[in-house]
Amino acid sequence: MAVITVERKPLTLLERTYLPQIVGGLATTFKHLIAPKKTLEYPEQRPAIPPGYRGVPTLVRDPNGREKCVSCQLCEFVCPPKAIRITPGEISADQTDRAHVEKAPLAFDIDMLRCIYCGLCQEVCPEEAIFLQNQYSMSGYTRAEMVNHKDKLYELGGTLPDQHYKWDKKKTAEEHGNAH
Amino acid sequence: MIAPPKPDLVTVNIDGKEIAVPKGTNVIEAARLVNVDVPHYCYHPKLTIVGNCRMCLIEMGLPAVDPATKAPIIDPATGKQKINWIPRPQIGCGTNVSPGLHVKTTSPMVKEAREGVMEFLLINHPLDCPICDQAGECKLQEQSTGYGRGYSRFIEQKNVKPKRTQLGPRVTLDDERCILCSRCIRFSKEVAKDDVLGFVDRGSYSTLTCFPGKQLANNYSLNTVDICPVGALTSTDFRFKMRVWFLKQTNSIDPESSVGANTVVWSREGQIYRVTPRRNDEVNDTWMADSGRELFKAVNAPDRLATTASIDTLVAQAAALFKANSTPGAIAVVGSGRSSVEEQFLTKQLAAALNATASTHLVSRVGQGDKLLISADRNPNVRGALVTGLISALPSQKLTALAAAIDAGKIKVVVSVGEDLAAVGLTAAQLAKVSFVYLGTHVNPTSAAAQVVLPTLSVFEKNGTFINQQFRLQKFAKAVPGPSGATDDLIVLAKLVTAASARLSSAPLAAIPSDLGSLWKLLAAEVPVLGPITYANLPETGLLLDATPFVALPFVEGETLHFKPVAPAVAVTV
Ligand code: SF4
Ligand code: SF4
Ligand code: SF4
Ligand code: FES
């Protein structure tokens, strides 16, 4: 086996004083002392969330305050880690303002320990009822706490502007359509 | 070229493929034989043909012959007989095959025709798939994928029809989704013989409804939901419960009578959501009774039997009872016509091990037959008890012999396999006189009186076979796991047999198997008629057994669909 002897060069006089290194280091320190801050004092300070951010999935209401989800369970089907669990339910005929929607979730749970924030639920939803919004921080002491139930999902989701008013249009069509 | 057809076969050419099909087959069925799908809505193989949806349009032609001489006209270009193609599309459902018929199902004309029909069907359709129960098994969705436009040219206002009509106790109708195929009407008239449905109004205003003062309430009403190609007719019970794509399908048998209608059990994560019929042209066609679709609700009933004790402890208790009563004839066994063939076979082994062969009983359940898919014999498997040799004569409804033996003090212990003895003629006093070992699924007076209760599984939770009234051996499979605290009947019975034979200290029986594979080997060895059969190789539509030894018995069944009793039925007392 060939042995290569590496020669260790002796330090120069300047190097032996250590001064250039100390001065260089201090210069960096002082530069950052006066430069604008790069960090946030989280959690008192929060970052601005850019549009299109994929945070916690939430359920939204339309501007009339009605729930948009009709419990079609497509999001439950598409969700890769099976985080969503829906129990569908019927809207009884006596709820005159939305009886024509017929169907709404009885229960809607998203297990945030499973969710991978992929956004497929938002993409697949035919009613534009589920959105990944800017909420990014979730914590809890138990597994059960990490499951967002329907109330929590609506509370997180709030109301988003509606492009379509699908069910309003449906109701109008029903009232003015070609009844016979 | 294929071999010259047999006399009752005609050769047709579908998309260039020649096939010989029986005379009278229509083009949809003939095309199915060469794996060509002709989309259709109104056609149903078990109903009359009306040809009103126009979805099955095809292009067809006949070989050209000289009108005067009847000599074939040969096309000089190909050297073959010329085909006269009909210039307009024809309906495939209403066209029966004729010799030399040529059919095109993929030509541009056919494609255009299908697209046109789809566009018209969708004109007034509400397009509410997200809230529609049929989504996922909807023919309109399926054909839209192939022939829909993807956008609508219809800017006028759609028709408005009733969205939530209760047609009867079990069926809800959404008229906007109805495509007016009339399958439901034809079913009610032709199969259920309860003509209550019809269309009112005309053209695109046509609306399905019940005749005034009538209801779709017969015991076959849910079949209309099955055959409705769209989501117009929905089951009130299953409505909005679960999307069908989550449901696992398991083949099963309807246990409510000896007809043995073939079914599919739809479940998700151990919970059953619905039961629908499975096509078997020899037994139930494509139908089943509504009553059989509700039986699964007993699976999660609050009065389900369960135990926290281990099964071995319970069997040991039973064994102690057996040991304490070892005089021959002190133990009676009540088998069940609701048990599977395998369970009845083990029940017979148990009776033999207990010296109780002479006092083995079976309870007969008799109801009114409806001449369709519910027979008078409400036990699914009396034939199984005969074939396995558990019983040799037909069972009676009351166990008078057993009652007399109890009164005489001869019987000390009764092993009942799922039979409530209070319901079959034993008085409370008689029940109190003996000890019971009860195998069963639900609480009843016998389970309450029993010294040892061994909780077992329902038909939805285990594998097995039944022999129906035609002596057709049919299998059912486990759809959902059983509840905790209940054990498979076969395991319980096998353990009891082992415990019982230990009591007699007779030649120790080779361990009785409780798995279907080994059990069928034993079964085939002891019951010659089951010879070459195993559970695994039994076809899904069942196997007809040789019934010669039993044909002369006076079974209680009257005539039902696909069944004529051989011996005259005995008078039915209900
Ligand atoms: S973001 Fe993805 S993982 Fe999370 S609930 Fe939606 S589909 Fe499921
Ligand atoms: S959130 Fe959207 S996709 Fe999910 S069930 Fe509701 S409507 Fe369907
Ligand atoms: S309700 Fe269904 S089965 Fe009856 S006519 Fe309409 S589409 Fe056909
Ligand atoms: S299936 Fe032929 S017209 Fe409807």
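All chains are named by letter (A, B, ...) in the order of the sequence lines, taking the proteins before the strands, and each is independently numbered beginning at 1. As the structure is a prediction and not an experimental result, all values here were calculated from the model.
- A donor-acceptor pair is defined here as one N or O able to donate and one able to accept, closer than 3.5 Å; such a pair exists between the side chain of Arg164(B) and the backbone of Ala99(A).
- Few gaps surround CD on Gln21(A); more than 12 heavy atoms of other groups in view lie less than 6.0 Å from it.
- Annotation for Phe120(B): atom CZ does not count as buried by contact number, only 12 or fewer foreign heavy atoms lying within 6.0 Å.
- Looking at residues two or more places apart in sequence or on another chain, you find no salt bridge (Lys or Arg N to Asp or Glu O under 4.0 Å) involving Asp111(A).
- For Lys241(B), the part lying under 4.5 angstrom from a heavy atom of chain A is the backbone only.
- Across all their heavy atoms, Phe77(A) and Trp245(B) have their closest contact at CD1-CD1, 3.3 Å.
- Applying the 6.0 Å contact sphere to OH of Tyr42(A) captures more than 12 heavy atoms from other residues, nucleotides or ligands.
- Contact between Pro130(B) and Lys103(A) at its shortest, heavy atoms only, is O-NZ, 4.4 Å.
- Annotation for Lys169(A): atom NZ counts as buried by contact number, over 12 foreign heavy atoms lying within 6.0 Å.
- Residue Phe240(B) touches chain A through both its backbone and its side chain, counting heavy-atom pairs closer than 4.5 Å.
- Heavy atoms of other residues, nucleotides or ligands lying less than 6.0 angstrom from CD of Glu123(A) number 12 at most.
- Neither the backbone nor the side chain of Ala104(A) comes within less than 4.5 Å of any heavy atom of chain B.
- The side chain to side chain contact (heavy atoms under 4.5 Å, CB included) with Ile131(B) is formed by just one residue from the set His100(A), Glu102(A), Glu127(A); it is Glu102(A).
- Looking only at side-chain heavy atoms (C-beta outward), Pro126(B) and Lys170(A) come within less than 4.5 Å of each other.
- Between chain A and the residues Lys163(B), Glu269(B), Glu156(B), the largest count of heavy-atom pairs under 4.5 Å involves Glu269(B).
- A salt bridge between Glu76(A) and Arg268(B) is present, with a side-chain N of the basic residue lying under 4.0 Å from a carboxylate O of the acidic one.
- Contact count against chain A (heavy-atom pairs under 4.5 Å) is highest for Lys158(B) among Lys161(B), Glu176(B), Lys158(B).
- Counting heavy-atom pairs closer than 4.5 Å to chain B, the top-ranked of the candidates His176(A), Lys166(A), Glu175(A) is His176(A).
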